[in-house]
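One structure is given below, encoded as C-alpha cells.
Chain identifiers are assigned alphabetically (A, B, ...) following the order of the sequence lines, protein sequences preceding nucleic acid strands; residue numbering begins at 1 within each chain.
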Number of protein chains: 2
Amino acid sequence: MSNRNNEEESSQSSTYVNNPHLKDMEEDVLYHLNLATSTHDLHEMFGDVKFVCVGGSPQRMKSFSEYIAGELGLADAEYPNICGGTDRYAMYKTGPVLSVSHGIGIPSMSVMLHELNKLLYHARCTDITMIRMGTSGGIGLEPGTVVVTKQAVDSRFQPRFKQTVLGKSVVWSTELDSELAEELLQYSKELPEFNTIIGNTMCTMDFYEGQARMDGSFCSFTEEDKKKYLDEAHTAGVRNIEMESSVFAAMCKRGNIPAAVVCVTLLDRLKGDQITCSPDVLHNYEKRPQGLVGLYIKKHEK
Amino acid sequence: MSNRNNEEESSQSSTYVNNPHLKDMEEDVLYHLNLATSTHDLHEMFGDVKFVCVGGSPQRMKSFSEYIAGELGLADAEYPNICGGTDRYAMYKTGPVLSVSHGIGIPSMSVMLHELNKLLYHARCTDITMIRMGTSGGIGLEPGTVVVTKQAVDSRFQPRFKQTVLGKSVVWSTELDSELAEELLQYSKELPEFNTIIGNTMCTMDFYEGQARMDGSFCSFTEEDKKKYLDEAHTAGVRNIEMESSVFAAMCKRGNIPAAVVCVTLLDRLKGDQITCSPDVLHNYEKRPQGLVGLYIKKHEK
C-alpha cells in the first residue's frame, strides 16, 4: 500500500488532471457524459466556468440550475441538459455555474469526476471551485440541519480514501478546503431559517448495512451493536453519513481544486433508520444546501 | 474478517431477505424506489413476478420492457415507470417480468437490491430468477461478444465481495447459478448473429484507474504495467470487466435467488481504452444481452 498524498507536488502535476498520456491522445471521448474533443469545442462551451456544483439526482441538479439562473439574473434563457444524449448523468450550464449529477455511491461519482476533470482541462478553465450538495443521515442533529464537511472519513472514521489500482491498494487524503468550509459557515448566518454546522462526514459503500441500518434486506447485528457504532462515530466527530464525499474530496485534492461538501440531514440516525418525512418536507430540506451554495456563488460571482 | 458464505443455511434464513427485524416493522418505506408497504399493495402489484431483469441505464431498461412486452404478446398496453416519483431508479413491469435500473457501481446496485429484495419479500413472490444485463470491456474478445459470467471476481481475481459493516470487513461468496449460465449458453446457439461465451467477470470500483485505463484524469502506471495486469486477468479466466457483478452475485446468493450476469463487450481492452464505436453499433451491441435474456424468458414463461 503506497501513500500518494503528495501527488500534486510532483513535477508532472497540472491543474484538474495528472495523466502524462492525455497530451498524446488525438481525441478524448468523455463516454459517460456523451461529449468528445472531436465533436465539441469544450473551450468554447465551458471555458468561462468558475463554479462546479454536483449532486446525486439529475432532477435536483436541474432545479438547482434553474434556481441559480434566477439568482444570477439569467432566467430569461433556456438551459438544456448538455448530456441529453445519455441517461447516465445530467449537466446544466448557467453562466459561470456548471451543475452536474453524479448518481449514488463512490464508483458512480468517480466515473463522472474523471470525465468532468478532463472536461475542465480540455476547456482550459481556471480558478474552479467545486461543491457537492447532497442529502445525508445525521448523527445527533435535528433533521433539516445542514452539515458543511470538515473531514470526509471512512467507516473506521479515518480521513482517507482507499482505491484499488492494478490490484493494489492506494490511499488518498480526503482533505477539503478549510477556508471554503469556514466561509460557507459564515454565510449560513444569513440563512437563519435552518441550522448549519461544520462536522465530519462519514462516507460508506452501502446505505443499509454499511450505515448500521437495521431495515435492509439483510441485517446480522443487534440494536446495541448499532448504537455502539454510531456513538463511536459521534465521538470521532462524525455528524452525518452519506456515500460520495470521500472520493469527491480525494479527486478534487488530486486535481488541485478547492472543494466543499454541503449536505442536509434527512433524519437523526440515533433515533431511527427509515426516511419517513413527507415529500414537501423533503423538498424543503433539499433546497437548503442549494440556498447556501447559491449565496456563496452570488457573493463570488463578478 | 469473518466469512458468512453459509448464511443461507442458518436457521433464520428466508427467501429474498435475512433480517429478523423486518417482521416487527409496522411500515417499510422503500425510499429510493418511492414505494412503501403503507401506500402500495406490493403483493397485488408484484405477486406474479417471476423474472427480475436489472441493468445500469433507466432508458435501456425501458427499452427492454417494451421488447419483452412484444415477445410475450403484451404490447397492447402501456407500462409506466413504477418508480416515476423518483429519478434514482426506474422500474417497469410487463406480465411476469420486472425490469429495474441500478445505476453505475456497487453501492448504487446495493441500495437498489436491498429495496428490491424487500419488495419481493413483501410481495410474497415465489420462484424468482434474477438476471443482470449490461455492458463491459472485453479481454481478448471481439467487440460485441456476449459474456455469461461464470464467476464474478474482484480486482485480485478472487470470487469474493468484501463489505464493511460497523467498520469491520465481511466477505461474501459471489457464486452464481451454474445451471442457469449453462442454459443461457445453450440458448445463445439460437442467436448466431453474435458470439456468446462463458467466462469470469471482473468487478471494479472505478472505470478508469480501477480497470487499468490510461485515459482518465489521473494515471500513474505505464503501458507495460497495464498489459501485465490485463494479461494476469486473462490467465485467471477473466473475459470481461464491469462494475456491479460482485455485489449482485453476493446479494442474490444471500437471498437464495438463482442469478446470472449477461454483458456485451464494447471494446477489447487489450487493444485500447476508449469507447469509440458509433451510437448505432453501440445500440446494436446493447440489444444482444436483451435478446438472449428475452429468449430465456420466452422459453420459461408459462
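- In terms of non-hydrogen atom pairs under 4.5 Å with chain A, the most contact-rich of B/P279, B/G105, B/A233, B/S108 is B/S108.
- Heavy atoms from other residues, nucleotides or ligands lying under 6.0 Å from NE2 of A/H283 number 12 at most.
- Looking at A/M243, only its side chain comes within 4.5 Å of chain B, counting heavy atoms on both sides.
- With a 4.5 Å cut-off on non-hydrogen atoms, B/D28 touches chain A through its backbone and its side chain both.
- Using a 4.5 Å heavy-atom threshold, the side chains of B/E115 and A/Y208 count as touching.
- The aromatic rings of A/Y31 and B/F207 sit parallel, their planes meeting at an angle under 30°, below the 60° perpendicular limit.
- Closest approach of A/A259 and A/F248 over heavy atoms only: CB-CE2, 3.9 Å.
- Contacts with chain A were tallied for B/H21, B/M205, B/Q274, B/R156; B/Q274 has the most, counting heavy-atom pairs under 4.5 Å.
- Both the backbone and the side chain of B/M251 come within less than 4.5 Å of a heavy atom in chain A.
- Ring to ring, B/Y229 and B/F157 are close: their centroids are under 6.0 angstrom apart.
- Heavy atoms closer than 4.5 Å to chain A are found nowhere in B/L119, neither backbone nor side chain.
- Salt-bridge annotation for A/E242 and A/R269: absent, with no side-chain N of the basic residue lying under 4.0 Å from a carboxylate O of the acidic one.
- For A/N34, no part lies near chain B; criterion is any non-hydrogen pair under 4.5 Å.
- For B/Q163, the part lying near chain A is the side chain, with the backbone staying farther off; criterion is any non-hydrogen pair under 4.5 Å.
- Highest contact tally toward chain B, considering only A/P107, A/A212, A/S57, A/S217, is held by A/S217 [criterion: heavy-atom pairs under 4.5 Å].
- Using modelled atom types, no side-chain atom of A/R88 and backbone atom of A/G103 make a donor-acceptor pair closer than 3.5 Å.
- Contact annotation for A/K228: neither backbone nor side-chain heavy atoms come within less than 4.5 Å of a heavy atom of chain B.
- The candidate from B/T164, B/V29, B/L116 with the greatest count of non-hydrogen atom pairs under 4.5 Å with chain A is B/V29.
- Side-chain contact of A/T37 with A/E27: a donor-acceptor pair under 3.5 Å is absent, judged by distance alone.
- For the options B/A36, B/S101, B/S155, heavy-atom pairs under 4.5 Å to chain A are most numerous at B/S155.
- For the set A/D206, A/L113, A/L120, A/I106, the count of heavy-atom pairs under 4.5 angstrom toward chain B peaks at A/D206.
- Comparing B/M214, B/M112, B/K226 by how many heavy-atom pairs each has under 4.5 Å with chain A, the most go to B/M214.
- Your options are A/S110, A/G210, A/G216, and the one with the most heavy-atom pairs under 4.5 Å with chain B is A/G216.
- Of the listed residues (A/L22, A/D154, A/D215), the greatest number of heavy-atom pairs within a distance under 4.5 Å of chain B belongs to A/D215.
- Although no hydrogens or angles enter the test, the distance criterion places a donor-acceptor pair under 3.5 Å between the side chain of B/H102 and the main chain of B/G56.
- Judged purely by atom type and a 3.5 angstrom limit, B/D225 uses its side chain to pair as donor or acceptor with the backbone of B/T222.
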